[in-house]
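What follows is a short report on a single structure.
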Amino acid sequence: MSKKVIIIGSGVSGLVAGIYARLGGLDVELFESHSVAGGNCTGWNRKGFHIDGCIQWLTGTKNGTGVNKIWRTCGALVDESQVYNTEQIASTIYEGKTYHLYSDLNKIEKEFLAISPEDAVAIRKLVKNIRIFQNLNAPVDKPFEQMSLFHFIPLLWNLIVSGKPDKRTKSMTIGEYLEDFKSPIIRQLLFCVFPIVLPAYALFYNLGIRTSGDGGWPVGGSLAFIKRMRQRFEELGGRIYLSAAVDKIIIKDDTAVGVKLKNDGREVYADYIISAVDISVLLNRLLDGKYSDEYFETRYADTQNYMILTGTYVSLGVSSDLEKYPHNVYIQTKNSLYINNTEIKAFNIKLYNFDSKFVQNGKTVITVLLTENEFDFWMALKERSIEEYRAEKERIANWIKENVLTVFPELESKLEILDVATPLTYHKYCNSYRGTYMSFIPSGKVKMKFHKGMIKGIENLYLAGQWTIPVGGLPLAAISGKFAVQRILTAEKKSQ
């Protein structure tokens with residue numbers, strides 16, 4: 001008789017775990033608190049438009065990489081026609097002229113040198129740092145503690161061949177690093193990659209992935225991506241229950257033996273439990289705060305060295321297909337916006353004109369993500385007055401709309417505000433800690449460490465999710481789901 005696994009959470013890590021568990025011959029039941037699968041990998045409809053709430057670009061769209069193999073095994077990517085790769089990563093407008101950040105590293109170097117010959121030394125150092133990260137493919141065959149030196153040889157070889165990033169940048173933020181460039185155009189093009197408060201290595205990593213031919217866009221976006229994964233899970237015989245929140249994990253004799261459901265109090269038992277939910281939910285709610293974990297406690301406490309990203313997400317509907325426009329435009333605004341204590345004076349405009357699934361009846365969507373960490377402000381505002389909360393969202397949306405029109409004035413009569421999602425939105429619907437969309441991001445001052453995938457003192461409970469592997473995101477969530485199942489199969493002495 002097959003051993004049974006209960007998975008809590010149907011985000012990417014939960015579905016990947018469910019698929020690999022079925023492929024490993026395990027009986028699987030998956031419980032999801034929301035009415036739809038996907039977790040943070042989500043989207044929603046407003047006023048006849050579809051808004052993608054997650055994927056900006058996706059590691060693993062390139063054939064032959066380890067993450068691509070996971071996506072294909074799980075049905076998330078089926079063939080190359082499902083991936084859209086852009087010629088430009090982003091664009092910016094400076095003094096009336098448009099400049100591009102290309103997805104070809106040689107073109108980046110050529111364009112930057114043409115823009116600012118006086119930055120030649122800094123440009124060539126940037127290119128070298130990016131090239132190093134082009135060859136760093138995450139090892140995904142086995143959990144890290146099960147890997148031998150043989151598994152790390154390709155990674156070690158790439159490090160030897162490619163070298164290390166400029167040592168001077170190790171403890172720098174992106175904002176500090178970009179001061180190396182005299183040209184405001186180059187700085188603007190690089191500002192658009194990641195929030196400038198992040199460590200400099202994040203910039204090199206992002207551009208390394210994007211210029212290596214990876215980092216495309218799965219056609220149809222986040223909901224289509226997750227729908228294919230759910231279909232694969234159910235085709236393999238996995239059972240998924242929506243609107244079925246788990247209230248507690250049942251622990252007997254220091255062993256996880258089942259779960260108690262919130263709606264009806266029913267208890268469901270299994271041989272193994274995989275938690276694929278936010279770590280704060282696991283530790284504080286599902287385990288009643290009875291178990292501590294040094295790895296996570298350190299990161300929650302040290303917010304300077306382990307940053308999290310939250311934001312306010314504004315969506316606009318456009319009565320135009322936007323065909324002639326760049327798909328991602330970075331702009332600096334004429335006046336600042338303050339969300340509590342956070343000043344915002346620039347943002348990226350994402351235009352979904354490249355995906356036919358988002359262009360319907362000559363209409364499409366524009367989204368803007370404003371990076372901020374004002375969860376407490378939003379929570380206090382909503383608790384004080386729902387009217388004030390809505391008014392603040394409307395104020396922000398109008399500011400976005402006004403600034404979009406400074407760049408695209410011809411859209412004056414074609415724009416309408418669709419939606420504003422605050423960190424509270426993601427906290428409420430996705431159970432994400434403080435509304436975050438990434439896990440802890442280590443600064444360059446601390447070592448990159450991985451969680452072992454189990455909570456000390458509890459047997460048969462395994463962890464999946466982006467929180468277990470820095471710096472998070474969908475690909476690492478997927479890897480963690482695979483690793484959780486491999487740990488179970490190792491305990492069962494089953495082939496993998």
Side-chain angles (χ1 to χ4, degrees), residues 5-21 30 39-41 54 59-60 66-67 70-71 74 138-147 151 155 202 205 246 249 256 272-287 291-303 305-309 430-434 436-443 446-491 496:
V5 179
I6 286 175
I7 300 174
I8 309 170
S10 71
V12 163
S13 61
L15 285 170
V16 168
I19 290 164
Y20 275 94
L30 193 158
N40 272 13
C41 189
C54 182
T59 302
V67 177
I70 293 176
W71 292 141
C74 294
V140 302
D141 290 342
K142 290 184 177 183
F144 302 112
E145 75 276 4
Q146 295 181 17
M147 291 183 185
H151 293 98
L155 182 61
Y205 167 79
V246 170
I249 294 174
Y272 297 97
I273 311 295
I274 296 177
S275 172
V277 297
D278 186 281
I279 291 300
S280 65
V281 173
L282 170 66
L283 294 175
N284 299 321
R285 190 188 309 171
L286 302 184
L287 295 175
Y291 296 86
S292 61
D293 187 283
E294 183 180 0
Y295 179 94
F296 296 119
E297 288 177 352
T298 297
R299 284 151 181 76
Y300 283 127
D302 188 358
T303 56
N305 283 314
Y306 298 98
M307 292 171 280
I308 59 171
L309 291 177
C430 305
N431 280 320
S432 58
Y433 174 68
R434 298 180 68 83
T436 58
Y437 54 88
M438 295 280 283
S439 71
F440 305 110
I441 302 172
S443 74
V446 293
K447 284 188 176 182
M448 194 82 71
K449 292 183 178 180
F450 306 89
H451 194 271
K452 294 181 179 179
M454 295 186 74
I455 299 295
K456 187 177 180 179
I458 308 177
E459 296 293 323
N460 294 356
L461 172 63
Y462 294 85
L463 276 56
Q466 64 169 341
W467 295 94
T468 62
I469 306 177
V471 295
L474 298 188
L476 296 178
I479 293 170
S480 74
K482 178 176 183 284
F483 284 180
V485 173
Q486 288 178 303
R487 289 174 175 126
I488 291 174
L489 295 178
T490 298
Q496 301 177 28

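Side-chain atoms are counted along with the backbone in the values below, which use heavy atoms only and exclude waters and symmetry mates.
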Quiz item: Residues in side chain to side chain donor-acceptor pair (under 3.5 Å) with D302, at least two apart?
Solution: N305

Compile the donor-acceptor pairs under 3.5 Å between side chains in residues 464-476 and protein atoms, sequence neighbours left out, one pair per line.
unit_1 : atom_1 : unit_2 : atom_2 : d
Q466   : OE1    : S439   : N      : 3.4
Q466   : OE1    : G473   : N      : 2.7
W467   : NE1    : D278   : OD2    : 3.4
T468   : OG1    : G465   : O      : 2.8

Exercise. Please name all residues satisfying ring pair (Phe, Tyr, Trp, His ring centres under 6.0 Å) with Y291, sequence neighbours left out, ordered by chain then number.
Key: none

Exercise. Sequence neighbours left out, what passes salt bridge (Lys or Arg N to Asp or Glu O under 4.0 Å) with E297? Give chain and number order.
Key: none

Quiz item: Can you check side-chain contact (heavy atoms from CB on, under 4.5 Å) on Y20 and L489, steps first, answer last?
Solution: CA-CA 10 Å; Y20 275 94; L489 295 178; over 6 Å; no

Exercise. Applying side chain to side chain donor-acceptor pair (under 3.5 Å), name anything that partners Y205, two or more places apart in sequence or on another chain.
Key: none

Quiz item: R285: what forms a salt bridge (Lys or Arg N to Asp or Glu O under 4.0 Å) with it, not counting sequence neighbours?
Solution: none

Quiz prompt | Considering all heavy atoms, the nearest S13-A477 contact | solution = CB-O, 3.2 Å

Quiz item: Which atom names give the shortest non-hydrogen contact between A478 and V16, and what distance separates them?
Solution: O-CG1, 3.3 Å

Practice problem: State, to 0.1 Å, how close S10 and L30 come at their nearest heavy-atom pair, and which atoms those are. | Solution: CB-CD2, 3.3 Å

Quiz prompt | Minimum heavy-atom distance between Y462 and A491, given as atom pair plus value | solution = OH-CB, 3.9 Å

Quiz prompt | Results of side-chain contact (heavy atoms from CB on, under 4.5 Å) for M307 - residues two or more places apart only | solution = L198, P199

Practice problem: Kindly give the heavy-atom pair with the smallest separation between S292 and I455, and that separation in Å. | Solution: O-CG2, 4.3 Å

Quiz prompt | Pairing residues for S275 by the side-chain contact (heavy atoms from CB on, under 4.5 Å) criterion, not counting sequence neighbours | solution = V277, L282, L461

Quiz item: Are side-chain heavy atoms of L463 and I279 found at a separation under 4.5 Å?
Solution: yes

Quiz prompt | With Y437 via ring pair (Phe, Tyr, Trp, His ring centres under 6.0 Å) - residues at least two apart | solution = none

Practice problem: Determine, step by step, whether I458 and I249 satisfy the side-chain contact (heavy atoms from CB on, under 4.5 Å) criterion, reporting the C-alpha distance in whole Å, the side-chain angles of both residues, the deciding distance to 0.1 Å, and the verdict. | Solution: CA-CA 11 Å; I458 308 177; I249 294 174; over 6 Å; no

Self-check item: Member of V246, N460, I8, I488 meeting the side chain to side chain contact (heavy atoms under 4.5 Å, CB included) criterion with I273
Solution: I8

Quiz item: Looking at residues at least two apart in the chain, or sitting in another chain, which of them share a side chain to side chain donor-acceptor pair (under 3.5 Å) with S480?
Solution: none

Quiz item: Considering residues at least two apart in sequence or located in another chain, which fulfil the side-chain contact (heavy atoms from CB on, under 4.5 Å) criterion with A21?
Solution: L26, V28, V485

Quiz item: Of all residues at least two apart in sequence or in a different chain, which pass the side chain to side chain donor-acceptor pair (under 3.5 Å) check with D293?
Solution: H451

Practice problem: Could you grab the distance from atom CD1 of I441 to atom CG of L309, nearest 0.5 Å is fine? | Solution: 4.0 Å

Exercise. Check for a donor-acceptor pair, side chain of K482 on one end and backbone N or O of I70 on the other, with a separation under 3.5 Å.
Key: no

Self-check item: Check: M438 main-chain N/O paired with N40 side-chain donor or acceptor under 3.5 Å
Solution: no

Self-check item: Near-ring test F440/Y300, centroid separation under 6.0 angstrom
Solution: yes

Self-check item: Pair E294 + K456, salt bridge at N-O below 4.0 Å
Solution: no

Quiz prompt | Atom pair CZ (F450) and CZ (F483), whose distance is rounded to the nearest 0.5 Å | solution = 8.5 Å

Quiz prompt | Atom pair CG/CD1 of L15 and I7 - distance to nearest 0.5 Å | solution = 8.0 Å

Quiz item: Which heavy atom in K452 sits nearest to a heavy atom in E145, and how many Å separate them?
Solution: O-OE2, 4.5 Å

Quiz item: Can you tell me how far CG of D141 sits from CD of Q486, rounded to the nearest 0.5 angstrom?
Solution: 8.0 Å

Quiz item: Taking side chain as C-beta onward, heavy atoms only, is Y295 less than 4.5 Å from K449?
Solution: yes

